[in-house]
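Please read these numbers as outputs of a predicted model, since none were measured by experiment. Every chain is numbered from 1, with letters handed out A, B, ... down the list of sequences.
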Amino acid sequence: MQLATWNVNSLKVRLPQVLTWLAENPVDALCLQETKLEDVNFPQHEIEEAGYRVAFAGQKTYNGVAILSKHEIHDIQVNLPNLDDPQKRLIAATINDVRVVCAYFPNGQSLDSDKYQYKLRWLEALQSWIKAQLATYHSLALLGDYNIAPEDRDVHDPKAWAGQVLVSPPERAAFEQLLGMGMKDAFRAFEQPDKAFTWWDYRMNGFKRNLGLRIDHILLSNSLAERCLQCVIDVAPRRNERPSDHTPVIVTLSDSAR
DNA sequence: ATGGCCAACACAGTTGGA
C-alpha cells in the first residue's frame with residue numbers, strides 16, 4: 001500500500017499535474033493541501049474518472065484539504081473537533097485498515113504575528129486529538145504540510161532561518177511531541193541523501209539552487225511504522241511548468257497480516 | 001538592496017504563502 005501527500009497550491013491550477021502524477025504514481029491514497037476551492041467547485045468527476053474516490057473540505061481562496069483514494073473511504077471527519085476554527089485544514093478517513101489524516105498546518109507568518117499564536121493553538125489541539133486517535137486507531141498515518149522543519153538538516157541555511165517561523169523551538173517541540181506519542185517520521189526511518197527538501201521558494205531560483213526546506217511529512221503510528229518499506233520525496237513535479245512550490249512525499253507499506 | 005515568485009480576488013494592487 002502506498003500513501004502520499006502533496007501541497008498543490010491551488011487544485012484549480014494543478015489538477016492536470018495531479019492527474020498526470022497519479023497515472024505515473026498510482027498510489028492507494030493521495031492527500032492534498034491548499035486546494036483553495038469551495039466544495040461546489042471541487043473537480044470530483046475528473047478525479048473519479050481517473051479511478052479515484054475523493055473526500056474533501058475546502059473554502060474560498062485559502063486552505064482546503066482532500067483525500068483521493070483507489071479504495072472505499074470510510075468515516076470521514078473534517079477539522080479538529082477540539083478547536084473552533086473556520087479554516088479547513090484537516091480531513092481524516094479510514095482507507096482499508098489505515099486511519100489517514102491529511103493536514104495543512106498553519107504557516108504562522110512570523111513569530112510576532114497573531115497567526116503564530118494561532119499556529120501554536122492549532123498545534124496544541126492537534127496534539128491532544130492525535131493522542132486520543134492513536135488510542136483508537138492502531139494504524140494511523142498523519143500526512144501533510146506541517147509547516148515545520150524538524151531539524152537543522154531539514155533547512156538549506158539554518159543560520160539564515162534561525163529565529164524564524166517554521167524552525168522556532170515551540171514548533172519543533174510540537175513535532176517532537178507527536179513523535180513522543182509513538183509516531184515515526186517515515187522519511188528518517190531510512191538512509192536519505194543530504195539536503196533533501198519538499199519545498200523551495202519560487203523566488204531566487206530556489207529549486208535550481210536547492211534552497212529548500214523539508215516541511216511536508218508522513219508520521220506513522222508504531223504498528224504502521226513496522227510495515228514501512230520506503231519513504232521518498234518525488235522532486236519531479238517541481239520541474240513541471242507552473243509547478244507547485246511543494247513536491248510529493250510517498251510512503252510504501254507492506255500488506256497487513258490477515 | 002530584507003525583494004525577487006505565485007495564486008486569488010478582481011480587474012490594481014493587496015494579501016498570504018514559507
Between [N] and [M], how many Å separate the two [atom1] atoms, rounded to a whole number?
N: B:dA10; M: B:dC5; atom1: P; answer: 24 Å
N: B:dA12; M: B:dT2; atom1: C1'; answer: 25 Å
N: B:dT15; M: B:dA1; atom1: P; answer: 26 Å

Atom [atom1] of [X] and atom [atom2] of [N]: how far apart are they, to the nearest Å?
X: A:Phe207; N: B:dC6; atom1: CZ; atom2: P; value: 14 Å
X: A:Leu11; N: B:dA8; atom1: CG; atom2: P; value: 10 Å
X: A:Tyr146; N: B:dA18; atom1: OH; atom2: P; value: 15 Å
X: A:Trp199; N: B:dC6; atom1: CH2; atom2: P; value: 13 Å
X: A:His156; N: B:dA18; atom1: NE2; atom2: C1'; value: 10 Å
X: A:Asn240; N: B:dA7; atom1: CG; atom2: P; value: 12 Å

Side chain to side chain donor-acceptor pair (under 3.5 Å) involving A:Trp161 - partner list, sequence neighbours excluded: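 A:Trp161: side chain to side chain donor-acceptor pair (under 3.5 Å) contacts with A:His156.
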
Please enumerate all residues that pass side chain to side chain donor-acceptor pair (under 3.5 Å) together with A:Asp152, with sequence neighbours excluded.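 A:Asp152 satisfies side chain to side chain donor-acceptor pair (under 3.5 Å) with A:Arg172 only.
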
Salt bridge between A:Asp201 and A:Arg203, side-chain N to carboxylate O under 4.0 Å?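 Salt bridge between A:Asp201 and A:Arg203, a charged N being under 4.0 Å from a carboxylate O: yes.
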
Establish, with yes or no, whether the OP1 or OP2 oxygen of B:dC5 is under 4.0 angstrom from a side-chain nitrogen or oxygen of A:Arg242.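 No, because none of the side-chain N or O atoms of A:Arg242 sits under 4.0 Å from OP1 or OP2 of B:dC5.
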
Is there a side-chain polar atom (N or O) of A:Ser10 under 4.0 Å from OP1 or OP2 of B:dC6?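 Answer no for this pair, as no side-chain N or O of A:Ser10 is under 4.0 Å from OP1 or OP2.
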
Within residues 105-120 of chain A or reaching into it, pairs that qualify as salt bridge (charged side-chain N to carboxylate O under 4.0 Å, His left out) - sequence neighbours excluded: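 Listed once each, the pairs are A:Lys119-A:Glu171.
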
Here's a test of your reading of the structure: between A:Thr61 and A:Phe105, which maps to the more 5' nucleotide of DNA chain B?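 Its nearest nucleotide lies further toward 5', so the answer is A:Thr61.
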
Contacts of type salt bridge (charged side-chain N to carboxylate O under 4.0 Å, His left out), residue [X], not counting sequence neighbours:
X: A:Arg242; value: none
X: A:Asp28; value: none
X: A:Glu151; value: A:Arg153
X: A:Asp154; value: A:Arg188, A:Arg214

Check whether any side-chain heavy atom of A:Lys70 sits under 4.5 Å from a side-chain heavy atom of A:Pro26, and report yes or no.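 With C-beta onward as the side chain, the pair touches.
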
Please tell me whether A:Ser110 and A:Gln164 have a donor and an acceptor in their side chains that are separated by less than 3.5 angstrom.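 Distance-only check fails for A:Ser110 and A:Gln164.
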
Per the side-chain hydrogen bond (donor to acceptor under 3.5 Å, both in side chains) rule, what does the pair list look like for residues 10-20 of chain A, sequence neighbours excluded?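 Applying side-chain hydrogen bond (donor to acceptor under 3.5 Å, both in side chains) to every pair that reaches into residues 10-20 of chain A, excluding sequence neighbours, yields A:Gln17-A:Asn240.
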
Quick test of your reading: applying side-chain hydrogen bond (donor to acceptor under 3.5 Å, both in side chains), list the pairs with at least one residue in residues 124-133 of chain A, sequence neighbours left out, ordered by first then second residue.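 For residues 124-133 of chain A: A:Asn82-A:Ser128.
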
Going by heavy atoms closer than 4.0 Å, what residues in residues 158-175 of chain A are next to DNA chain B?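 Listed by number, they are A:Leu166.
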
Using a strict heavy-atom distance below 4.0 Å, which residues from residues 231-239 of chain A are in contact with DNA chain B?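 Residues of residues 231-239 of chain A under 4.0 Å from DNA chain B: none.
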
Going 5' to 3' through nucleotides 12-17 of chain B and flagging B where a protein heavy-atom sits under 4.0 Å of the base, S where only the sugar-phosphate is that close, and - otherwise, we get ----SB

Which nucleotide, B:dA18, B:dC9, B:dA7, lies nearest any side-chain atom of A:Ile215?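 Nearest to the side-chain atoms of A:Ile215, counting from C-beta on, is B:dA18.
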
